[in-house]
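Basis for what follows: all heavy atoms, side chains included, without hydrogens, waters or symmetry-related copies. In what follows, chains are A, B, ... by sequence order, proteins preceding strands, each numbered from 1.
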Amino acid sequence: MRKNIAVAVSLGTLALTLGMVLHLGGLGVLPPRILRNLAQVVAANAYNPWNETLTSYSLNAVAAAIWDYRGIDTIFETAVLFAAVTGVTALFRGTVEKVGLGGRGMLFTLKTSTKIALLLIALVSVSLALHGHLTPGGGFQAGSVFAVIVALSITVFSIEALYNAGLRTKSLMKARLVALALILFIALLPLAASLAINGVAYIAQNQAKEDSAFAMPAAFLNTPLAGSVFIFNVLELVAVAASLSYVLILFAMRKEELEHALKGGGK
Amino acid sequence: MNDLLSLAFTTAITAFVINIAIASYGVFTKTSLLKKAISIIIFSDSISILAIAIGFRTTETQYPSPPVLGEKPRTPSDVEAFVEVSVDPLPQAFVITAIVIGLAAITLLLGLIILYYRHFGTTDIRAPLDEEYEEVI
């Protein structure tokens with residue numbers, strides 16, 4: 001009990017100190033009147049046909065920062081998620097998917113209304129990814145929304161229904177691998193192009209630079225496409241949706257399926 | 001108008017900082033692993049929302065706008081007008097990275113907690129101390 005009070009007092013001090021630092025301008029004047037310099041560059045160049053070597057043709061400045069100006073960072077971030085899910089696979093090694101353990105799900109009315117909701121969720125998710133460069137959204141957000149479908153289905157229809165619908169962890173694993181491989185392929189595509197035309201190109205390059213003419217498609221039928229930003233958003237949707245669905249199915253597994261894993265897994 | 005906005009902003013920032021302290025209290029003192037995990041999630045989300053709040057800005061005449069262009073700019077002055085009212089896009093870009101990596105860590109943590117629960121039948125952190133247990137995981 002006394003320990004808890006000590007923790008509470010020290011954390012109160014921490015909060016007070018943090019508040020003082022922010023109040024005294026430790027992070028600059030908050031909120032600022034003008035944009036910071038780096039942010040000005042990003043906001044001014046996100047969609048700027050008058051500065052062709054720096055623009056990414058993306059109306060959404062955040063998507064431009066994520067997949068163009070800081071593209072390598074985001075590719076590695078996807079790799080971190082991939083590694084974490086591989087870690088979960090290692091923890092749950094030895095699980096067996098068993099059909100026929102029972103599980104009828106919830107009431108009929110709930111099931112029907114959930115089916116309608118699932119359709120809407122899928123629509124929202126796909127539009128978040130396809131419009132990630134035009135409106136607020138992006139690949140990761142879309143993938144998280146898509147994983148909600150699996151979470152809701154497990155709760156309402158039971159995991160058994162998912163198995164019967166043909167959803168297996170193995171196929172999700174494959175989808176995830178293919179999506180990550182394609183992300184890497186798109187990131188390295190400019191290099192292959194530069195070899196072909198014997199010029200200069202950069203990893204994860206989107207639009208033409210000063211010394212490199214390689215450019216991804218900037219527009220499709222007069223709609224801004226933002227080149228690789230659009231492609232990366234769609235692939236990220238697949239990668240994140242497959243990863244999270246995979247993890248959710250593993251987490252929802254019944255005792256009988258986990259038996260072997262709890263004894264140490266392996267063979 | 002801006003005075004009211006500044007006051008609301010300061011209140012929000014204070015709330016986030018206090019939230020960080022409360023969440024870390026949960027991490028340090030709760031004995032249930034699940035409650036610890038929930039506290040960690042609240043902790044990281046408070047920091048994320050604090051970072052986004054730091055990207056907020058005020059403008060001279062208009063309300064600040066999200067960092068998304070409403071339509072394709074027709075002249076260079078459209079872009080300049082956007083820079084005049086847009087909030088900082090970079091904290092939002094960094095935070096989405098932080099969220100993904102936080103999610104990766106939380107996923108692994110929850111997997112461990114589920115196996116812990118299946119093994120001991122409880123998520124209490126003191127379970128291994130109470131009785132003899134077989135070390136198989």
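Using a 4.5 Å cut-off between heavy atoms, A:Val88 contacts chain B through both its backbone and its side chain. In this structure, chain B has heavy atoms under 4.5 Å from both the backbone and the side chain of A:Pro136. With a 4.5 Å cut-off on non-hydrogen atoms, A:Leu22 touches chain B through its side chain but not through its backbone. At a 4.5 Å heavy-atom cutoff, the contact between A:Phe140 and chain B is made by side-chain atoms alone. With a 4.5 Å cut-off on non-hydrogen atoms, B:Leu110 touches chain A through its backbone and its side chain both. When heavy atoms are compared at a cutoff of 4.5 Å, A:Thr135 approaches chain B solely by way of its backbone atoms N, CA, C and O. Within the 4.5 angstrom heavy-atom criterion, atoms from both the backbone and the side chain of B:Val83 approach chain A. Looking at A:Leu244, only its side chain comes within 4.5 Å of chain B, counting heavy atoms on both sides.
Residue-environment remark: CG (B:Leu109) exceeds the threshold of 12 foreign heavy atoms within 6.0 Å. Within 6.0 Å of NZ on B:Lys72 lie more than 12 heavy atoms contributed by other residues, nucleotides or ligands. Heavy atoms of other residues, nucleotides or ligands lying less than 6.0 angstrom from CZ of B:Phe9 number more than 12. With a 6.0 Å radius and a threshold of 12 heavy atoms from other residues, nucleotides or ligands, A:Tyr246 has its OH atom above the threshold. At most 12 non-hydrogen atoms from other residues, nucleotides or ligands lie less than 6.0 angstrom from CD1 of A:Ile34.
Considering all non-hydrogen atoms of both residues, A:Arg33 and B:Arg57 come closest at O-NH2, 3.2 Å. Across all their heavy atoms, B:Pro67 and A:Val62 have their closest contact at CG-CG2, 3.6 Å. What you find for A:Leu59 and B:Pro73 is that their closest heavy atoms are CD2-CD, 4.4 Å. Closest of all the heavy-atom pairs between B:Val68 and A:Leu134 is CG1-O, 3.3 Å. Counting all heavy atoms, side chain and backbone alike, B:Leu90 lies closest to A:Ala65 at CD2-CB, 4.1 Å. Here the shortest heavy-atom pairing between B:Ser86 and A:Leu35 reads O-CD1, 3.4 Å.
Comparing A:Leu16, A:Leu14, A:Ile66 by heavy-atom pairs within less than 4.5 Å of chain B, the highest count is held by A:Ile66. Contacts with chain A were tallied for B:Ile18, B:Val87, B:Ile96; B:Ile96 has the most, counting heavy-atom pairs under 4.5 Å. Ranked by heavy-atom pairs under 4.5 Å with chain B, the list A:Val240, A:Val7, A:Thr78 is led by A:Val7. If you tally non-hydrogen atom pairs under 4.5 Å between each of A:Phe92, A:Phe82, A:Tyr57, A:Tyr69 and chain B, the highest count goes to A:Phe92. No other option in B:Pro76, B:Pro64, B:Ala21 has as many heavy-atom pairs under 4.5 Å with chain A as B:Pro76. In terms of heavy-atom pairs under 4.5 Å with chain A, the best-connected choice from B:Thr10, B:Thr75, B:Asn19 is B:Thr75. Note on A:Val85, A:Leu11, A:Val42: by heavy-atom pairs under 4.5 Å with chain B, the leading option is A:Leu11.
Taking CD of A:Gln40 as the start and CD of B:Glu80 as the end, the distance is 10.5 Å to the nearest 0.5 Å. In this structure, CZ in A:Phe251 is found 4.5 Å from CD1 in B:Ile114, a value given to the nearest 0.5 Å. To the nearest 0.5 Å, atoms OG (A:Ser144) and CG (B:Leu103) are separated by 7.0 Å. To the nearest 0.5 Å, atom CG of residue A:Leu81 and atom OG1 of residue B:Thr107 are 6.5 Å apart. B:Thr14 OG1 to A:Leu18 CG: the interatomic distance, rounded to the nearest 0.5 Å, is 11.0 Å.
Counting heavy atoms from C-beta on, the side chains of B:Phe94 and A:Arg70 come closer than 4.5 Å. The side-chain heavy atoms of B:Phe28 and A:Asn4, taken from C-beta on, include no pair separated by under 4.5 Å. The closest side-chain heavy-atom distance from B:Leu108 to A:Leu91 is below 4.5 Å. In this structure the side chain of A:Asp73 reaches within 4.5 angstrom of the side chain of B:Thr97, judged on heavy atoms. In this structure, A:Val80 and B:Val100 have side chains that are not in contact, with every pair of non-hydrogen atoms separated by 4.5 Å or more.
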